[in-house]
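A quick write-up on the structure given underneath.
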Number of protein chains: 2
Amino acid sequence: MKVLVVDDEPQIRRALRTSLEAHGYTVETVGTGDEGVVAAASQHPELILLDLGLPDMDGTEVITRVRAFSEVPIIVLSVRESQSDKVAALDAGADDYVTKPFGMEELLARSRAALRRKGSGEPDAPILTFGSLQVDLAKQLVTIEAEQVHLTPTEYGLLEVLVTNPGKLLTHQWLLRRVWGQGYGTETTYLRTYVRALRRKLGDDASAPALIVTEPGVGYRWVADAT
Amino acid sequence: MKVLVVDDEPQIRRALRTSLEAHGYTVETVGTGDEGVVAAASQHPELILLDLGLPDMDGTEVITRVRAFSEVPIIVLSVRESQSDKVAALDAGADDYVTKPFGMEELLARSRAALRRKGSGEPDAPILTFGSLQVDLAKQLVTIEAEQVHLTPTEYGLLEVLVTNPGKLLTHQWLLRRVWGQGYGTETTYLRTYVRALRRKLGDDASAPALIVTEPGVGYRWVADAT
DNA sequence: ACACCGCGTGAAGAACCCGTGAACGCGCCG
DNA sequence: CGGCGCGTTCACGGGTTCTTCACGCGGTGT
């Protein structure tokens with residue numbers, strides 16, 4: 001049973017490692033959010049313990065990134081007790097939220113509860129294929145006919161929400177909030193610009209779309225069939 | 001989305017009921033553990049909020065009894081903060097443990113997290129079928145004989161309120177308010193135009209309607225049987 | 001029988017939206 | 001310090017959608 005610990009404080013990493021290993025878990029530890037996402041993709045842990053106070057990126061960002069390609073249980077550890085922090089983390093896709101300092105017995109029990117639930121899930125493929133187009137959600141890598149395509153962060157973010165919601169009509173507001181953040185919702189010119197960039201780089205034609213269909217006045221829709 | 005609240009304090013029951021119902025949940029409440037187990041079996045709730053301090057039986061006992069026949073998510077609410085209580089409840093099969101007093105926003109977020117985990121397994125089918133016509137409410141996609149039909153936003157909005165109120169007589173004013181907004185109510189020409197567009201695109205004949213029947217002087221009625 | 005009302009039909013102007021191309025500013029790295 | 005990548009913003013032309021109008025037709029009541 002492999003557990004990934006993402007925390008920047010070495011003593012906490014050590015404490016978690018010893019306690020977890022004493023209970024029969026295998027433990028991997030990393031110190032930054034970026035390493036956390038990479039390890040979640042490459043190591044395939046069965047549980048992630050994630051500290052929210054990371055130096056390089058916000059904790060909810062890590063959750064969103066991991067949730068893009070995996071449904072592995074995530075338990076958040078944080079010193080922040082405010083409701084808004086908890087709500088943000090849970091709604092981003094976390095399974096549980098424990099405030100520091102916490103009791104190790106409680107954390108172990110919550111880990112058992114999270115792992116017990118995981119029983120009925122099916123392993124998901126982190127690589128989506130649409131004809132000659134491939135999107136590796138874990139590595140954030142896009143290839144077309146085995147040729148790597150370079151996308152800017154915003155372009156990739158938009159592509160990710162599109163391919164993970166295939167067939168669905170995604171409204172302008174929904175896309176903007178999802179890719180640019182909660183403060184956005186009316187900047188449809190952003191979408192036009194980035195949808196255009198995606199279509200160009202992915203070889204799609206706006207007048208005869210095979211990937212991204214525009215629904216006038218409403219939003220966009222990813223129409224390619226996964227193969 | 002039905003939620004079962006098991007708590008012996010009437011004011012907590014009331015508070016939970018109002019908050020949950022305000023967020024769109026259907027709420028059942030009972031006051032004893034015995035009733036809780038019975039309600040869990042008979043009502044098939046999709047989430048259980050369980051107070052540990054029940055008069056007739058220990059809370060972990062309730063969890064064990066429910067877990068004997070159901071995997072419905074259980075969130076424990078308790079005044080007890082000791083680790084041993086949390087461990088006991090979680091190991092008995094609870095999904096989460098929240099200590100009173102708790103913030104309602106946090107509880108709602110934890111409820112969403114629990115329901116999200118559960119919901120990912122069973123595909124809720126919001127696809128309505130009427131013969132060869134299919135309306136996918138989630139994707140906002142309309143197909144006829146597996147062939148995609150393109151509808152404008154207004155056309156789709158009108159179709160949606162029609163198919164979600166099958167058989168009912170929908171007055172002009174009601175339809176206009178529902179599709180165009182509160183400020184409308186007399187513009188029957190809009191309805192004529194868009195009902196016509198729908199009939200054309202869906203292959204219905206106004207003089208022998210199989211989908212949309214006009215009720216002269218009153219409104220319209222969706223008459224197709226869901227299959 | 002006749003006028004009237006509501007509906008279906010078709011079409012046309014106006015308003016809106018999208019695709020396209022390009023420019024500007026900012027941070028970063030050499 | 002200069003270029004480069006990226007995000008943001010603007011303007012224009014063409015297409016789609018919304019709104020509005022006009023004309024027949026059938027049913028209703030007088």
Side-chain angles (χ1 to χ4, degrees), chain A residues 56 140 142 148-162 169-181 183-223, chain B residues 140 142 148-160 162 169-173 175-181 183-221 223:
Chain A
D56 61 331
Q140 305 198 10
V142 179
Q148 188 167 336
V149 179
H150 177 73
L151 298 183
T152 74
T154 311
E155 288 166 2
Y156 179 81
L158 179 57
L159 177 63
E160 182 179 287
V161 301
L162 285 171
L169 199 172
L170 310 175
T171 67
H172 296 141
Q173 200 182 74
W174 189 90
L175 285 166
L176 284 163
R177 294 237 171 101
R178 191 72 190 261
V179 178
W180 275 266
Y184 296 77
T186 59
E187 298 79 354
T188 56
T189 56
Y190 289 11
L191 284 175
R192 288 212 302 264
T193 306
Y194 279 92
V195 166
R196 170 173 148 70
L198 276 183
R199 291 211 254 234
R200 261 224 303 221
K201 294 187 177 180
L202 303 181
D204 203 22
D205 183 4
S207 57
L211 303 176
I212 305 172
V213 167
T214 127
E215 299 280 352
V218 186
Y220 292 89
R221 190 197 300 270
W222 182 266
V223 294
Chain B
Q140 300 199 17
V142 179
Q148 192 167 328
V149 179
H150 180 75
L151 299 183
T152 74
T154 312
E155 288 166 1
Y156 179 82
L158 179 57
L159 177 63
E160 185 177 288
L162 285 171
L169 201 171
L170 310 176
T171 67
H172 296 143
Q173 197 182 70
L175 284 167
L176 284 162
R177 294 235 171 104
R178 192 72 189 262
V179 177
W180 275 264
Y184 296 76
T186 59
E187 298 80 353
T188 57
T189 57
Y190 289 10
L191 284 175
R192 287 212 303 266
T193 307
Y194 279 93
V195 166
R196 169 174 148 67
L198 276 184
R199 292 211 254 232
R200 256 220 310 216
K201 293 188 177 180
L202 303 182
D204 203 22
D205 183 3
S207 58
L211 303 176
I212 304 172
V213 167
T214 124
E215 301 281 352
V218 186
Y220 292 90
R221 188 197 302 269
V223 293

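Since the structure is predicted, the reported quantities are computational estimates derived from the model, not experimental observations. We name chains A, B, ... by the order of the sequence lines, and we start the count at 1 in each one. Only heavy atoms go into these numbers, but all of them, side chains included; no hydrogens, no water, no symmetry mates.
The distance from atom CD of B/Glu155 to atom C1' of D/dT16 is 11 Å, rounded to the nearest whole Å. A/Leu158 has its CG atom 15 Å from the C1' atom of D/dT8, to the nearest Å. Taking atom NZ on B/Lys201 and atom P on D/dT16, their separation rounds to 11 Å, with Å as the unit. Summarising the geometry, the separation between CD1 on B/Ile212 and C1' on C/dT9 is reported as 16 Å, rounded to the nearest angstrom. Atom CD of B/Glu187 and atom P of D/dC21 are 12 Å apart (whole Å). Atom pair B/Leu151:CG and D/dT16:C1' shows a separation of 14 Å (rounding to whole Å applied).
Note on B/Tyr194: a base of the nucleic acid sits closer than 4.0 angstrom, heavy atoms only.
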- Query: Would A/Thr186 and A/Leu176 satisfy side chain to side chain contact (heavy atoms under 4.5 Å, CB included), going step by step from the backbone distance to the final call?
  - Reply: CA-CA 8 Å; A/Thr186 59; A/Leu176 284 163; 5.9 Å; no
- Query: Stepwise, does the side chain to side chain contact (heavy atoms under 4.5 Å, CB included) test hold for A/Arg199 with A/Thr214?
  - Reply: CA-CA 11 Å; A/Arg199 291 211 254 234; A/Thr214 127; 3.3 Å; yes
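Under 4.0 angstrom from either OP1 or OP2 of D/dC4 there lies no side-chain N or O belonging to A/His150. Put simply, A/Thr189 has no side-chain N or O that comes within less than 4.0 Å of OP1 or OP2 on D/dT9. Between A/Thr154 and D/dG7, a side-chain N or O to OP1/OP2 separation shorter than 4.0 Å is present. For B/Thr152 and D/dC18, the shortest distance from a side-chain N or O to OP1 or OP2 is below 4.0 Å. OP1 or OP2 of C/dC7 has at least one side-chain nitrogen or oxygen of B/His172 nearer than 4.0 Å. Phosphate proximity of D/dC18 to B/Trp180: absent, as no side-chain N or O sits under 4.0 Å from OP1 or OP2. OP1 and OP2 of D/dC10 both lie 4.0 Å or more from every side-chain N or O belonging to A/Tyr190.
Side-chain contact check for A/Arg192 versus A/Thr189: some heavy-atom pair is nearer than 4.5 Å. Within the 4.5 Å cutoff, the side chain of B/Arg221 has no heavy atoms near those of the B/Pro209 side chain. Side-chain contact between A/Leu170 and A/Trp222: absent, with no pair of heavy atoms (C-beta onward) separated by less than 4.5 Å. Here the side chains of B/His172 and B/Tyr220 are in contact, with some heavy-atom distance below 4.5 Å. Side-chain atoms of A/Val142 and A/Leu202, non-hydrogen and from C-beta on, do get closer than 4.5 Å to each other.
Relative to the side chain of B/Tyr184, the nucleotides C/dG8, D/dC6, D/dT19 differ in distance, and D/dT19 lies closest.
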Set out, line by line, the N/O atom pairs under 3.5 Å between protein and nucleotides 20-23 of chain C.
from   : atom 1 : to       : atom 2 : distance (Å)
C/dG21 : OP2    : A/Arg196 : NH1    : 3.4
C/dG21 : OP2    : A/Arg196 : NH2    : 3.3

